[in-house]
Visitor: 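To start, I am sharing the structure in question, which I have written as structure tokens.
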Amino acid sequence: VLADPIFMCGATLANYLSLPSVFFMRGFPCNLHYEATQCPSPLSYTPRLFTFNSDHMTFFQRVENALVALLELGYCNSFYEDMIKFSSEVLQRDVSLLDLLNSASIWLLRFDFVFDYVRPVMPNMVFIGGINCAQRK
């Protein structure tokens, strides 16, 4: 099942039918695409989205980075609360957000590895560059 995991319908369908899933996306704002694939993401090195920090952080920026990382999971869980309930009903078991995302066979990430901070990635994460559908003027 080729799906965009932002909507979680494809992830739920793939889990229900026990089919492999391929996720095609730009990335979650709360770094779930790294957490679901169990990529190391050290808080002292990798800046979180919306903190506007670089990879050379001061102590207080690292503390800010850690606090934002703690808030991200709660933010994403509250954002996907209805979808998690729906998926639990369809799959007839309690599921979490990470349970739905862990089943992905391949992650096709639509961003360029060069422009983001260098970090280790798992073998099932493939960088395919920025694909845009809009035509430039």
Side-chain angles (χ1 to χ4, degrees):
V1 176
L2 177 64
D4 185 356
I6 296 292
F7 299 113
M8 293 294 167
C9 294
T12 303
L13 180 67
N15 279 315
Y16 183 75
L17 298 175
S18 299
L19 293 173
S21 57
V22 176
F23 290 153
F24 177 72
M25 63 182 298
R26 167 69 175 99
F28 283 102
C30 48
N31 283 337
L32 278 176
H33 53 289
Y34 290 114
E35 193 170 331
T37 56
Q38 299 177 354
C39 285
S41 185
L43 295 175
S44 62
Y45 172 71
T46 308
R48 293 300 202 201
L49 191 63
F50 304 124
T51 59
F52 305 109
N53 294 332
S54 70
D55 57 340
H56 300 288
M57 293 182 268
T58 65
F59 175 73
F60 292 109
Q61 288 174 331
R62 291 172 200 265
V63 170
E64 173 194 25
N65 205 41
L67 292 175
V68 168
L70 287 174
L71 295 174
E72 282 178 346
L73 191 58
Y75 167 78
C76 275
N77 281 334
S78 65
F79 184 74
Y80 286 110
E81 184 176 2
D82 292 335
M83 194 61 205
I84 292 171
K85 287 180 186 176
F86 174 74
S87 298
S88 295
E89 289 176 12
V90 169
L91 299 174
Q92 298 177 351
R93 60 183 168 92
D94 287 335
V95 294
S96 69
L97 196 53
L98 290 177
D99 290 338
L100 292 173
L101 297 175
N102 282 340
S103 62
S105 300
I106 297 175
W107 290 74
L108 298 175
L109 299 174
R110 278 186 8 218
F111 52 86
D112 200 346
F113 188 72
V114 176
F115 295 123
D116 288 303
Y117 294 103
V118 179
R119 61 171 60 185
V121 293
M122 294 295 137
N124 65 340
M125 298 175 79
V126 180
F127 294 99
I128 56 173
I131 296 175
N132 296 317
C133 297
Q135 292 184 0
R136 289 200 169 268
K137 293 182 180 179

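These numbers come from the heavy atoms of this one structure, side chains and all, not from hydrogens, waters or symmetry mates. Quantities reported herein were computed from a predicted structural model and do not represent experimental measurements.
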Visitor: Between M25 and L108, is there a side-chain heavy-atom distance shorter than 4.5 Å?
Guide: no
Visitor: Work out which heavy atom in E72 is nearest to a heavy atom in C30; give both atom names and the distance.
Guide: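 Closest heavy-atom pair between E72 and C30: OE1-O, 3.5 Å.
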Visitor: Given side chains that start at C-beta, do those of L109 and I128 come closer than 4.5 Å, heavy atoms only?
Guide: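 No. Closest side-chain heavy atoms not under 4.5 Å.
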Visitor: Quick check for you: to the nearest 0.5 Å, what is the distance between D99 atom CG and R93 atom CZ?
Guide: 6.5 Å
Visitor: Under the side-chain hydrogen bond (donor to acceptor under 3.5 Å, both in side chains) criterion, do T12 and N15 qualify, and how do the steps go?
Guide: CA-CA 5 Å; T12 303; N15 279 315; over 6 Å; no
Visitor: Among the clusters formed by ILVMFWY side chains lying less than 4.5 Å apart, do L67 and F52 turn up in the same one?
Guide: no
Visitor: May I ask you to test the R110-F127 pair for a side-chain heavy-atom distance under 4.5 Å?
Guide: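 No, their side chains stay 4.5 Å or more apart.
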Visitor: For H33, does its backbone N or O pair with a side-chain atom of T37 as donor and acceptor, under 3.5 Å?
Guide: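 Yes, the answer is positive, given that a donor and an acceptor are paired below the 3.5 Å cut-off.
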Visitor: Working to the nearest 0.5 Å, report the span between SG of C9 and CG of L100.
Guide: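 Here the interatomic distance stands at 10.5 Å.
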Visitor: Please name the pair of heavy atoms, one in G10 and one in A3, separated by the smallest distance, quoted to 0.1 Å.
Guide: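 Reported closest heavy-atom pair: CA-CB, 3.7 Å.
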Visitor: Are M83 and L98 linked, directly or through intermediate hydrophobic residues, by side-chain heavy-atom contacts shorter than 4.5 Å (ILVMFWY only)?
Guide: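 Both belong to a single hydrophobic cluster.
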Visitor: Any chain of hydrophobic side-chain contacts (each under 4.5 Å) joining L70 to F79?
Guide: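 Cluster IDs for L70 and F79 differ.
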Visitor: Would you call P20 and V1 a side-chain contact if the rule is heavy atoms closer than 4.5 Å?
Guide: no
Visitor: For the backbone of Q61 and the side chain of N65, can you confirm whether one donor and one acceptor N or O come within less than 3.5 Å of each other?
Guide: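 No.
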Visitor: Is there a continuous path of hydrophobic side-chain contacts, each under 4.5 Å between heavy atoms, that joins F24 to V126?
Guide: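 Yes, it is one cluster - the side chains of F24 and V126 are joined through contacts under 4.5 Å.
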Visitor: Is the backbone N or O of M57 less than 3.5 Å from a side-chain atom of R62, with the two atoms forming a donor-acceptor pair by type?
Guide: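 Side chain of R62 to backbone of M57, a donor-acceptor pair under 3.5 Å: yes, one is there.
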Visitor: What is the minimum heavy-atom distance between A104 and S21, and which atoms define it?
Guide: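 Reported closest heavy-atom pair: CA-OG, 3.2 Å.
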Visitor: Out of curiosity, does V95 fall in the hydrophobic cluster containing V90 (side-chain heavy atoms, cut-off under 4.5 Å, transitive links)?
Guide: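 Same cluster: V90 reaches V95 through Ile, Leu, Val, Met, Phe, Trp or Tyr contacts under 4.5 Å.
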Visitor: Taking the inter-plane angle between the rings of F23 and W107 on a 0 to 90° scale, is it parallel (under 30°), tilted (30 to 60°) or perpendicular (over 60°)?
Guide: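 Perpendicular: the ring planes of F23 and W107 meet at over 60°.
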Visitor: Do C76 and L97 have side-chain heavy atoms sitting under 4.5 Å apart?
Guide: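 In short, these two side chains touch, coming nearer than 4.5 Å.
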Visitor: Please report the closest heavy-atom contact between N102 and A36, naming both atoms and the distance.
Guide: OD1-O, 2.7 Å
Visitor: Is there a donor-acceptor pair closer than 3.5 Å between any side-chain N or O of Y80 and the backbone N or O of I6?
Guide: yes
